[in-house]
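Here the structure comes first, spelled out in structure tokens, and everything after it is commentary.
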Amino acid sequence: MNIADIRKDTPGCTGKLFLNNAGASLNPKIVTDKIVEYLQQEQVVGGYQLAAAKDSEINEFYTEVAKLLNCNPENIAYANSATDAFFRALSAFTFKTGDVIVTSNDDYISNQIAFLSLKKQFHIDVIRADNLPNGDLDLNHFEELVKQHHPVLVSLAHIPTNSGLIQDAAAVGAICKKYNTWFLLDACQSAGQLELDVKKIGCDFLSAAGRKFMRGPRGTGFLYVSDKALDAGLSPSLIDMRGADWIAADDYKVQPDAKRFELFESSCALKLGLKEAVRYANTIGLQNIYNYNQQLIERLRNNLSALPGLTLLDKGSNRSNILTFTLNDANLSDVENHLTVNNVCYSVGFRNFALIDFNKKNVDWAIRFSPHYYNTLEEMDRAAEIVREIKKI
């Protein structure tokens, strides 16, 4: 990778230390240019007319995402966010009293709330597998739960938003295949920083965000739907004219591919922007991105771990480009003010964002740094120096 060229393609990385890619990353210039160009044409041509004229280019979105995930374009649906994609997949299951969802302690807050909402509505059971002492998912316990409870669905966050842990998604996929259980993988933090091969992972659904490490625009995402799920007739609980054909007064027929999970109305401009972001990542290569990112995060982790009074919170034998920490006896507002004054872009996680994890760690808040491949090793040194200055340590 040519970091100088990548930074040139990323105007927003100058003049600041951007470490919030787990929140919303900086777009490559080509992404913004494509969106603006489309909107400028749309105001002159008209929404429907331009969409028809650009149909071939818009449909390249499916090809690029399929390349990213090692599947066919027919397995891909566009969504308005990772949560939108996740909820559409979740709605494909008709739950009844006594049904079980098996998940982890580390799933994303919105996913956990969705499970609890289903529990209240349909009286299902939500069962979470244990973690090992090092933070990894206890795969033996996970398999015991699947074997014992025969869950309707297994759901897993590939990388929790509140820590750098990378879950062993392929091992979970193998367990689900062994017991013939549907598997929904939340890849909102892994898409764009890890290679994602849905055939190796063995998931039936995969949801992802455009705005995070994928470097796409906000308000975008995508959903992978396996051939197995399509052939089984799984479809979202509510479908419109995009996802189905009205074939009789009292009947409809769902689309044969993953587009049954789409809605008719969406932003063509944002869809094209996300396509360009995925193409940008595909061109660089996800393995190249991962390799360089590991250099960045190790440099940052080593720098911060040398600071007395700072506690790194991330566990797990395999960790990503998300790093969380607290400063002993520090006031959060003072920490935030210092980072902001020094033009550091970061985010804060609070206890209610990851209730189980933060209760275990006994923290009320954590600073989250999440560098990406347009950052430099020198910036990782500078970040640690800025943190050092907070308490003059």
Please tell me if the side chains of L90 and L153 come closer than 4.5 Å, counting only heavy atoms from C-beta onward. yes
For the residue pair N2 / K8, report whether a side-chain donor-acceptor contact shorter than 3.5 Å exists. no
Would a 4.5 Å heavy-atom cut-off, applied to side chains only, mark F183 and L156 as touching? yes
Taking atom types as modelled, is there a side-chain donor on E336 or T340 under 3.5 Å from an acceptor on the other? no
From NZ (K16) to OG1 (T14), nearest 0.5 Å: 6.0 Å
If the plane angle is over 60° it's perpendicular, under 30° parallel, otherwise tilted; pick one for F353 and F350. perpendicular
Polar contact flag, side-chain donor to acceptor under 3.5 angstrom, N291-Q287: yes
The residue among V387, N20, L19, I367 that forms side-chain contact (heavy atoms from CB on, under 4.5 Å) with V344 is L19
N131 and K315: side chain donor to acceptor below 3.5 Å: no
Could you tell me whether the side chains of E143 and Y179 share a donor-acceptor contact shorter than 3.5 Å? yes
Nearest 0.5 angstrom please: K212 NZ to S370 OG, how far? 8.5 Å
Interatomic distance, CE@M1 vs CD1@I289, rounded to 0.5 Å, equals 6.5 Å
Minimum heavy-atom separation for A208 to A191, with atom names? CB-CB, 3.8 Å
Would you tell me whether Y374 and N21 have side-chain atoms, one donor and one acceptor, within less than 3.5 Å of each other? yes
Would you say N303 and D381 are linked by a side-chain donor-acceptor pair, where the criterion is simply a distance under 3.5 Å? yes
Heavy-atom pair of closest approach, residues A366 and L313: CB-CD1, 3.5 Å
Decide, yes or no, whether a salt bridge links K96 with D99 under the criterion of side-chain N to carboxylate O below 4.0 Å. yes
Which heavy atom of L165 sits nearest a heavy atom of D136, and at what distance? CD1-OD1, 3.7 Å
In terms of the angle between their ring planes, are F61 and Y78 parallel, tilted or perpendicular, with boundaries placed at 30° and 60°? perpendicular
Look up atom CG in D107 and atom CG in N162, then write down how far apart they are to the nearest 0.5 Å. 10.0 Å
Between R215 and T10, does any side-chain donor sit less than 3.5 Å from a side-chain acceptor? yes
Examine the side chains of S104 and D106 and answer whether a donor and an acceptor come within less than 3.5 Å of each other. no
Stepwise, does the salt bridge (Lys or Arg N to Asp or Glu O under 4.0 Å) test hold for R242 with E262? CA-CA 6 Å; R242 174 68 168 176; E262 294 186 352; 2.7 Å; yes
Going by distance alone, is a donor N or O of one side chain under 3.5 Å from an acceptor N or O of the other, for Y280 and K29? no
Can you label the angle between the Y346 ring and the F369 ring as parallel, tilted or perpendicular, going by 30° and 60°? perpendicular
CG-OG1 distance between D84 and T220, expressed to the nearest 0.5 angstrom: 10.5 Å
Locate the shortest heavy-atom distance separating R88 from F261; write the atom from each residue and the value. NH1-O, 2.6 Å
So P236 and I239, do their side chains get closer than 4.5 Å, heavy atoms only? yes
